[in-house]
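A quick write-up on the structure given underneath.
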Amino acid sequence: MTRPAAPPSSRLPAWMTPVNLLRASIGVALLTIVLKMLAWWVSGSVGLLSDALESFVNLAGAMFALTMVTVAQRPADDCHPYGHHKAEYFSSGFEGILILGAAMAILWAAGLRLLQPQPVEEIGWGMGLSLVSTALNGALAWVLLRAARVHHSVALEGDARHLLTDVWTSIGVVVGLLAVRATGWLWLDPLVAIGVALNILREGARLLWDASQGLMDEAMAPEQLAQVQVVLDAQAAASGGAVQFDGLVSRRAGARNHLELHMHLPHDWTLGQAARERRAVEQALLHAVPGLRATIELLPRDHTTVFEVIQARREQEERQQGQAGEERPA
């Protein structure tokens, strides 16, 4: 049997909870805003200005993510029997909207500077301050990604991905400043800013898409479903074919995965036997996918539910309609 995954506390320091990490993200965002705004002030580079504007998005995103993670950790209640885990998806969607707004502002500023190029001053100080903030964001993003995998947190992963985008953005701005210094072509600075804005637009669109898919009850990850299937095949084989599974459906809700399936048993099994078998299946599934919430419906062998009968009829009607359409003369 597969050994259970180690709990988060055994693989991360105790203080590395999603709430504490997002608080740290807010602190780093404030520090990088100061550094990047200072870099823009001393250099006058619109590329560095675009980088600084994105840091404001980092701050707003981290603050909203902290709020949503706090909501997601609330226990289930009468109005929310499945918990509040989906609240994390709102942070990704909100951050995506902020990113799109920042990108439009950067495109506007870069467009004006492209039409009226201006000299860039104190490039050395500007690049130095930008690289310091980049190192801070890179280190924080690495920690957040590691914690997101352990805690299965959508909000942490979204914040980390955005920080990584900020890192590459900063590197691109520094490269643009070096190109301006080497060539004297002032139009390279706003051109790099436009490239930064387009990259931010792509990241914002991706975050919005991921949030929408989560809110629409997207299925569990393929690798997790594969682990579930391995467990079910093993349990069926261990019973000598007496137990069969079907009707499997799944969905993700933030850090929680939900699974529903039918377990078909021999007609002559007692209720106690059926309960013990279901318990064994539940334990095996939890070992394979930690934190999984599985709902297993017990059914006699060769028995189908009303919903399955309706679904089979619908599929048969669709096939008949398709065949009729193919046979109809042009």
Side-chain angles (χ1 to χ4, degrees), residues 18-19 21-33 36-37 40 46-74 80 84-112 133-134 137 140-141 144-145 147-148 151-170 172-173 192-218 251-255:
V19 170
L21 287 171
L22 287 171
R23 287 172 179 167
S25 182
I26 291 173
V28 171
L30 289 170
L31 180 58
T32 55
I33 285 173
K36 291 183 178 182
M37 291 300 291
W40 165 67
V46 72
L48 287 175
L49 174 61
S50 69
D51 204 12
L53 288 176
E54 190 181 2
S55 294
F56 280 98
V57 177
N58 291 346
L59 175 61
M63 292 175 65
F64 192 75
L66 176 60
T67 302
M68 290 298 99
V69 165
T70 303
V71 172
Q73 291 180 346
R74 294 177 183 173
H80 305 88
H84 300 77
H85 305 284
K86 280 192 175 183
E88 291 195 23
Y89 291 114
F90 289 102
S91 69
S92 294
F94 178 74
E95 193 165 359
I97 293 173
L98 289 178
I99 290 173
L100 295 180
M104 298 306 295
I106 294 170
L107 286 173
W108 175 262
L112 294 178
S133 62
T134 299
N137 281 335
L140 179 60
L144 289 177
L145 275 178
H151 295 291
H152 305 286
S153 172
V154 177
L156 284 182
E157 183 178 359
D159 200 39
R161 296 295 179 189
H162 186 202
L163 286 174
L164 286 176
T165 300
D166 194 21
V167 169
W168 289 112
T169 296
S170 300
V173 169
V192 169
I194 291 174
V196 167
L198 294 177
N199 183 49
I200 295 174
L201 280 173
R202 180 183 62 84
E203 180 65 16
R206 190 188 70 83
L207 284 175
L208 281 174
W209 173 258
D210 290 345
S212 68
Q213 293 304 296
L215 292 172
M216 292 175 64
D217 284 342
E218 189 176 25
R251 65 183 179 91
R252 285 185 284 182

Minimum heavy-atom separation for [X] and [Y], please, with both atom names.
X      : Y      : value
Val69  : Pro18  : CG1-CB, 3.8 Å
Glu157 : Ala148 : N-CB, 3.7 Å
Ser25  : Leu140 : CA-CD2, 3.5 Å

### Query
To the nearest 0.5 Å, what is the distance between OG1 (Thr32) and CG (Asn137)?
5.0 Å

Residues two or more places apart in sequence or in another chain: which of them pass side chain to side chain contact (heavy atoms under 4.5 Å, CB included) with [X]?
X      : result
Met37  : Ile33, Trp40, Ala52, Phe56
Leu164 : Ala141, Leu145, Arg161
Phe94  : Phe64, Leu98
Thr70  : Val19, Leu66

### Task
State, with a plain yes or no, whether a side-chain heavy atom of Leu100 is found less than 4.5 Å away from one of Leu208.
yes

### Summary
Taken in chain and number order and not counting sequence neighbours, the residues that satisfy salt bridge (Lys or Arg N to Asp or Glu O under 4.0 Å) with Arg202 are none

